[in-house]
There are 2 protein chains.
Amino acid sequence: MKRLGQEDKETLTTALDHSGQRATPQRETVFGVLLDQRDHPTADEVYARTKSRMPTISMATVYNCLETLVSSGLVKQVNIEREPTRYCPNLAPHAHFHCRETGRVYDVPVPAGTMEKLTDVLPGKYQADSVELVFRGHLAKGNSK
Amino acid sequence: MKRLGQEDKETLTTALDHSGQRATPQRETVFGVLLDQRDHPTADEVYARTKSRMPTISMATVYNCLETLVSSGLVKQVNIEREPTRYCPNLAPHAHFHCRETGRVYDVPVPAGTMEKLTDVLPGKYQADSVELVFRGHLAKGNSK
DNA sequence: AATTTGACTTAGAATTATTCTAATTCATCT
DNA sequence: AGATGAATTAGAATAATTCTAAGTCAAATT
């Protein structure tokens, strides 16, 4: 059974503590699942993966843990087109690419400052604290991995 | 009971015809509702507004009409954070601003070419056919209208 | 060390936006 | 007028998520 590395565990504990919440085995395991495979899994997928490491965990707990991780700032929710919410531990500003064919979501790194720069198009009355950029399309042939 | 203007009716008929569908009173009324108040209503809201003009219409028909309008290219769906889908007859490329306080969604016009330019950040293997840009935050004081 | 406290976990029920089903209505074509 | 197929309708079904209420557990207090 895969465990969380020392550094990640530290990160988790600190962030949870900072938001007045405890590190628990369930939360550690769910966080580990997200870190191990950064393919934007849905809650269902997180549940399946977590269950294989901790067979007694329940769906409700997975939702609770994910919510806890999001509220502590360690994980971001990615919503695309009313599909089930996906979860992403990539905290650096980045865009997403959604493949219409496979339904997969990819992180797209963006040059530093690009996301912030986008707020320039906003008239002054709009005070944005977050920017979301999503591309949709398909992968060039031979890049389906 | 408000009716659709000649020009809008023409637009509707042409677009529907072009996608092999018929213009019907229900579709005209739903389209009129969207054109009259461009505040990104949800299906529920469209239903309520349409019902006041055409009391016999059903929710299923509203969903069907909205889907028809979307498929014919006259209307776009706007999805924000797993909230109910909103509908928007603004076909020009634009961004959205989502107010955390009121939940309202505003169109943000962007300079010509801006949206297309964004695809420059995409590595070559990603072929985007649409770009979505959403800001989230709050309105500066005194701009709550 | 036992007790209390409150946070956490759990199973299952409830919610809700949306889609589906099957039956009718309606317009157009012969 | 009758046939054909599209459009509309009411209500059932679906599915992701949230809620509820009961049980568990760890830390704090006695």
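Every chain is numbered from 1, with letters handed out A, B, ... down the list of sequences. What you see is a predicted model; the values in this text were computed from it and never measured.
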**OP:** Describe the nucleic acid contact of A:T85 in one word from base, sugar-phosphate, nothing, applying a heavy-atom distance below 4.0 Å.
**Re:**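 A:T85: backbone/sugar contact only, no base atoms under 4.0 Å.
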
Original post:
Does the pair B:R136 and B:H98 meet the rule for a side chain to side chain donor-acceptor pair (under 3.5 Å), with working shown?
Top reply: CA-CA 5 Å; B:R136 195 162 308 109; B:H98 182 225; 3.3 Å; yes

Quick one: is [N] close enough that its OP1 or OP2 comes under 4.0 Å of any side-chain N or O from [X]?
X: B:T61; N: D:dT9; answer: yes
X: B:T24; N: C:dC26; answer: no
X: B:R22; N: C:dA27; answer: no
X: B:Q26; N: C:dC26; answer: no
X: B:T56; N: D:dT8; answer: no
X: B:R82; N: C:dA17; answer: no

Original post:
Among D:dA16, D:dT9, D:dA7, which is the nearest nucleotide to the side chain of B:S58?
Top reply: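 Side chain of B:S58 sits closest to D:dT9.
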
Subject >> Which nucleotide in D:dT8, C:dG12, D:dG11 has an atom nearest any side-chain atom of B:A60 >> reply: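 So the side chain of B:A60 is nearest to D:dG11.
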
**OP:** For the pair A:H96 and A:H40, name the ring-plane relationship: parallel under 30°, tilted 30 to 60°, perpendicular over 60°.
**Re:**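 Ring orientation, 0 to 90° scale: perpendicular.
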
Original post:
Rounded to the nearest Å, what distance is computed from the CD atom of residue A:E81 to the P atom of nucleotide C:dA17?
Top reply: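 To the nearest whole Å, that distance equals 19 Å.
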
